[in-house]
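Accompanying notes for the structure given below.
Only a predicted model underlies this, so the values are computations on that prediction, with no experimental measurement involved.
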Amino acid sequence: LYLGIATILLGSMFFSRIATIMAPEGEETVIMYYNKVEYLMFLIMVFSANAIALFSFKARILQMRLTVINIILLAALQIWLGVDFLRNHDEMVFSITTVFPLVALILDILAVRGIALDEAMVQSAYRLRSSKRHRK
């Protein structure tokens, strides 16, 4: 569930704006995520990693590794957005979508925790079954 929500959030960023630049004469210029190549590349990477992790639920170890890599990428994207915000906060009005990577990062951390607990439960059940077989 966490991975699904995070994937939807990251997918919505493809169609959202980063910021709006207000010109002195009242004219607005909208900057979309796909207008900046750096953000587009980051979005493609984090969305792909999240989508692959979402659909690799049968291979829990692979799912956990992909999600951890995605957490690192999301942190880098959020830092990049934060630096861009600090540089340009006077002339740009940023949208709420600039915190979506942070929300997705938190959801991915919760997903890794849940996947690890699920894998531990499956492994313990497997060990319990195999120890019962060896006793007979």
- prompt: Okay, side chain of Ser95, backbone of Arg17: is any donor-acceptor separation there less than 3.5 Å?
  reply: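 Yes.
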
Is a side-chain donor or acceptor of Tyr33 paired with a backbone partner of Thr97 at a separation under 3.5 angstrom?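 Side chain of Tyr33 to backbone of Thr97, a donor-acceptor pair under 3.5 Å: yes, one is there.
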
**Item:** Sole candidate of Lys58, Arg60, Arg65 that passes salt bridge (Lys or Arg N to Asp or Glu O under 4.0 Å) when paired with Glu119
**Value:**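 Looking at Lys58, Arg60, Arg65, the match for Glu119 under the salt bridge (Lys or Arg N to Asp or Glu O under 4.0 Å) is Arg60.
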
Using the rule that Ile, Leu, Val, Met, Phe, Trp and Tyr join whenever any side-chain heavy atoms are under 4.5 Å apart, tell me whether [X] and [Y] fall into a single cluster.
X: Leu105; Y: Met45; result: yes
X: Ile52; Y: Leu77; result: no
X: Ile5; Y: Leu66; result: no
X: Phe15; Y: Phe100; result: yes
X: Leu54; Y: Leu117; result: no

Report the distance from atom [atom1] of [X] to atom [atom2] of [Y], rounding to the nearest 0.5 Å.
X: Glu38; Y: Leu81; atom1: CD; atom2: CG; result: 11.0 Å
X: Gln78; Y: Leu73; atom1: CD; atom2: CG; result: 13.0 Å
X: Ile18; Y: Met13; atom1: CD1; atom2: CE; result: 8.0 Å
X: Ile72; Y: Thr67; atom1: CD1; atom2: OG1; result: 11.5 Å

Just wondering, do [Y] and [X] contact through their side chains at under 4.5 Å, heavy atoms?
X: Leu10; Y: Leu74; result: yes
X: Asp108; Y: Tyr2; result: no
X: Trp80; Y: Tyr39; result: yes
X: Thr98; Y: Phe85; result: no
X: Thr7; Y: Phe47; result: yes
X: Leu3; Y: Gln63; result: yes

Practice item. Step by step, work out the side chain to side chain contact (heavy atoms under 4.5 Å, CB included) result for Phe14 and Ile44. Key: CA-CA 9 Å; Phe14 283 108; Ile44 290 171; 4.0 Å; yes

What are the two closest non-hydrogen atoms of Leu62 and Ser56, and how far apart are they?
->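 Shortest heavy-atom separation between Leu62 and Ser56 comes out as CD2-CB, 4.3 Å.
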
One pair to check against side chain to side chain contact (heavy atoms under 4.5 Å, CB included): Met92 and Ile31. What are the steps and the verdict?
CA-CA 10 Å; Met92 297 172 86; Ile31 301 172; 3.3 Å; yes

